[in-house]
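Below: the structure, in structure tokens.
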Amino acid sequence: MLLRCWNRKSESLVLVTLVVFIVGPWSSLEAFNIFIHSYDKLDQKYGSFTDDMRHEMLNEVRKMFYFGYDSYMKYAFPLDELDPIHCVGRGPDHDNPGPDHDNPSNININDVLGDYCLTLVDSLDTLAVLGNVTEFHRAIQLVIEHVSFDKENNVQVFEANIRLLGGLLSAHMFMTDSPNLFGGDLKPSWYNGELLQLASDLASRLLPAFQESITGIPYPRVNLRKGLVDEGAETCTAGAGSLLLELGTLSRLLGDPIYETMARRANRALWSARAKNTGLLGNVINAKTGQWVGRLSGLGAGLDSYFEYLLKSYILFGEEEDFVMFNDSYIAFKQYLRRGRPHCNKGYGDHPLYVNVDMHSGNTYTYWIDALQASFPAVQRLSPDVAFYSLRPELVESTYLLYQATKNPFYLHVGKEILQSINTYAKAKCGYATVHDVTDMSLEDRMESFFLSETCKYLYLLFDTENPLNRQFHKYLFTTEGHLLPIGAKLRTKSWTEEDSSSPSFDPLEDSTSSVFFRNKTPSLKGNVTQPSCEAVDEARHYLMPLRTPYYLQLTESLGLKE
């Protein structure tokens with residue numbers, strides 16, 4: 001009776017009290033009172049979220065987005081980024097500094113900026129999600145008029161792919177495939193596929209990074225006008241292996257296999273280079289030699305989106321090799337990276353945590369976790385050793401997706417606290433600034449494009465429960481930059497054969513720890529594939545706090561109860 005009541009909403013707690021009075025000794029009642037007092041405080045704070053509160057937060061997110069977006073358009077466009085403290089843009093001239101030509105090693109700036117209206121392109125599908133058809137049309141027209149990739153700038157292949165190519169493709173497919181999804185017609189009468197043409201031009205300018213590599217791993221940077229640049233061959237695993245969603249989508253829209261072929265070749269090369277005894281990948285590899293430079297293996301910066309793209313590519317394109325590589329990697333994660341209690345979502349002990357390890361030995365490599373690892377929902381805390389916050393979306397992304405899975409109001413409260421913290425500490429004169437140090441809340445004068453493309457979008461969708469995208473959640477997939485691609489036959493169909501793609505045959509099941517499980521079986525995305533007995537989400541978590549409190553454990557132990 002006690003556990004059945006616990007699995008219901010808090011209204012049933014009075015029945016639990018009666019049970020304790022009848023069957024429990026005084027010590028048990030005392031423990032229970034302690035628990036009830038503590039649980040009531042938590043339940044009052046996190047156990048419900050009214051529609052009025054949700055609408056209030058939705059309005060606050062809308063104001064946040066438009067304050068950043070309007071400031072960019074007023075003070076920075078057509079430059080790439082907004083400096084929100086001094087109300088100027090980052091661009092290619094001396095008055096508005098952009099790429100640091102005197103210091104090629106300043107990759108924090110040089111890898112992203114390319115004089116191509118970055119923030120506007122990255123924000124296109126956010127305007128669609130907000131239902132602003134008028135501004136979406138205006139933004140499309142401005143992109144067509146101002147964006148050109150025929151520039152003498154060196155850019156990182158990964159950033160150009162996820163921010164620009166992804167933004168162009170998402171906006172194009174909204175106009176051509178789902179023009180009425182958000183109310184009004186997203187496709188203006190004058191649109192004639194110009195964004196797809198821009199995407200094709202950009203991808204063609206990125207191809208030399210792949211074609212000049214004998215290992216299959218793309219060089220990290222290209223000059224948009226001249227092609228490959230000799231600025232080192234070291235690339236992170238995520239940078240080289242998070243290209244398939246965008247390049248594969250482009251190939252299937254154009255009927256040209258070259259883009260998808262190059263991205264798949266890179267994924268296969270990285271997967272084949274994993275440590276043979278652990279199955280883990282490092283975080284930095286030399287594209288010229290194929291040798292690992294960084295031995296750190298984890299789920300954070302340098303690795304995160306490679307694994308994300310293996311699974312999402314299977315969902316989008318239906319190619320079994322992508323799923324097999326993901327599952328093989330997931331098995332290795334659980335064996336070498338996971339710390340805490342060993343049995344899924346149940347049992348005693350610390351909550352699961354995935355740490356950084358040495359790729360060859362599996363031994364713990366670092367005792368800190370970076371913000372990017374928050375995109376892996378099992379990670380529930382960040383380390384104070386990493387003190388800056390660049391308005392990144394990963395924690396918001398996981399919060400939104402966990403709410404979609406559970407509908408637990410706890411995650412709405414998390415979103416509210418994130419929103420309030422950004423408004424309190426990161427809001428500047430003309431936008432939102434990077435927090436340089438969370439210990440003193442000092443700011444850097446930079447608003448990166450992913451703030452509008454991802455952070456605001458995920459917050460908006462978290463609170464806009466009736467958004468058309470949430471009502472058709474299973475029909476769309478988010479890229480690692482938060483751009484949306486439709487799931488369906490259009491992208492699951494390719495107009496070429498493997499022979500046409502000039503791609504060597506590849507069997508991911510060769511030398512695969514999951515070969516017995518997957519051989520002659522169709523992969524399933526339901527539940528926990530590596531541990532079929534695990535529940536994906538504990539039923540009780542749909543209604544109560546996602547994490548059980550120590551007081552609940554004390555209560556069950558004092559009454560001699562076990563889960």
Side-chain angles (χ1 to χ4, degrees), residues 9-11 40-73 123-136 139 174 178 180-186 377 391-428 431-432 447 450-476 478 482-484 541-546:
K9 296 186 179 181
S10 58
E11 287 83 352
D40 281 347
K41 291 173 62 178
L42 293 173
D43 188 53
Q44 289 172 12
K45 184 174 183 180
Y46 296 113
S48 64
F49 205 92
T50 67
D51 278 344
D52 287 344
M53 294 167 61
R54 185 175 58 78
H55 286 297
E56 180 185 358
M57 291 300 102
L58 186 61
N59 186 52
E60 288 299 314
V61 178
R62 189 181 290 111
K63 290 193 294 186
M64 172 184 283
F65 171 80
Y66 283 115
F67 181 57
Y69 176 82
D70 291 343
S71 294
Y72 165 76
M73 296 303 295
S123 302
L124 291 175
D125 61 353
T126 307
L127 290 170
V129 169
L130 266 65
N132 193 338
V133 175
T134 301
E135 185 60 22
F136 180 78
F174 269 145
S178 310
N180 298 307
L181 178 63
F182 300 103
D185 192 349
L186 287 177
L391 308 177
R392 295 209 66 93
E394 283 77 14
L395 183 59
V396 183
E397 175 187 6
S398 287
T399 300
Y400 164 61
L401 294 176
L402 287 169
Y403 178 73
Q404 285 294 107
T406 66
K407 304 304 180 185
N408 192 317
F410 169 79
Y411 296 108
L412 295 174
H413 286 279
V414 172
K416 176 183 176 181
E417 292 182 14
I418 293 172
L419 173 62
Q420 292 176 337
S421 293
I422 293 175
N423 267 327
T424 300
Y425 299 110
K427 192 172 185 179
Y432 292 85
M447 187 179 82
F450 52 66
F451 174 67
L452 299 179
S453 173
E454 297 184 81
T455 307
C456 289
K457 181 186 290 149
Y458 287 127
L459 279 172
Y460 188 84
L461 288 171
L462 173 66
F463 295 115
D464 189 12
T465 55
E466 297 303 311
N467 189 279
L469 188 67
N470 286 331
R471 295 203 302 267
Q472 303 183 44
F473 185 74
H474 63 289
K475 294 183 179 181
Y476 293 88
F478 289 97
H483 295 305
L484 287 148
R541 303 281 68 74
H542 283 273
Y543 309 109
L544 304 176
M545 296 287 290

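The figures here come from the full heavy-atom set of this structure, side chains too, leaving out hydrogens, waters and symmetry mates. Sequential numbering from 1 along the given sequence is applied to the chain's residues.
How far CG of L395 is from OG1 of T399: 4.5 Å, rounded to the nearest 0.5 Å. L130 CG to N467 CG: the interatomic distance, rounded to the nearest 0.5 Å, is 8.0 Å. In this structure, OG in S421 is found 14.0 Å from NZ in K427, a value given to the nearest 0.5 Å. Between the CG atom of L124 and the CD atom of E135 there is a distance of 10.0 Å, given to the nearest 0.5 Å. Going from atom CZ of R54 over to atom CG of D52 covers 9.5 Å, rounded to the nearest 0.5 Å. With rounding to the nearest 0.5 Å, the separation of CD in E56 from CZ in F463 is 10.0 Å.
Residues L459 and F65 have side chains not in contact (no heavy-atom distance under 4.5 Å, counting atoms from C-beta outward). Taking the side chain as every heavy atom from C-beta outward, M64 and F451 approach each other to under 4.5 Å. Counting heavy atoms from C-beta outward, L461 and V129 have side chains that approach closer than 4.5 Å. P409 is not listed as a side-chain neighbour of Y46, based on a closest heavy-atom distance of 4.5 Å or more. In this structure, the side chains of F182 and L469 come closer than 4.5 Å at one or more pairs of heavy atoms. Two residues are said to be in side-chain contact when any heavy atoms from C-beta on lie closer than 4.5 Å; L462 and M57 fail this criterion. The side-chain heavy atoms of L181 and L186, taken from C-beta on, include no pair separated by under 4.5 Å. Contact of the S398 side chain with the E394 side chain is not registered, since no non-hydrogen atoms from C-beta on lie closer than 4.5 Å.
The main-chain N or O of L391 is found under 3.5 Å from a side-chain atom of T455 such that the two form a donor-acceptor pair. Of the possible polar contacts, one joining the H413 side chain to the S48 backbone as a donor-acceptor pair under 3.5 Å is found. Of the possible polar contacts, none joining the S123 side chain to the T126 backbone as a donor-acceptor pair under 3.5 Å is found.
Among V414, L412, T406, the single residue meeting the side chain to side chain contact (heavy atoms under 4.5 Å, CB included) criterion with F410 is V414.
Donor-acceptor pairing under 3.5 Å is recorded for the side chains of N470 and Y400.
Across all non-hydrogen atoms, the minimal contact from G482 to E454 is N-OE1, 3.5 Å. Closest of all the heavy-atom pairs between A139 and L127 is CB-CD1, 3.8 Å.
Looking at E60 and K63, a side-chain N of the basic residue comes within less than 4.0 Å of a carboxylate O on the acidic one, giving a salt bridge.
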side-chain contact (heavy atoms from CB on, under 4.5 Å), that's the test. Do Y432 and F67 meet it? Break it down for me.
CA-CA 9 Å; Y432 292 85; F67 181 57; 3.6 Å; yes
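The aromatic rings of F473 and F478 are tilted relative to each other, their planes meeting at an angle between 30° and 60°. Note on ring orientation: taking the six-membered ring where Trp is involved, the planes of Y66 and Y69 are perpendicular (angle over 60°, cut-offs 30° and 60°). Ring orientation note: the planes of Y476 and F174 are tilted relative to one another, at an angle of 30° to 60°.
The side-chain tip of R392 points at the ring of F450 from less than 6.0 angstrom away and within 45° of straight on.
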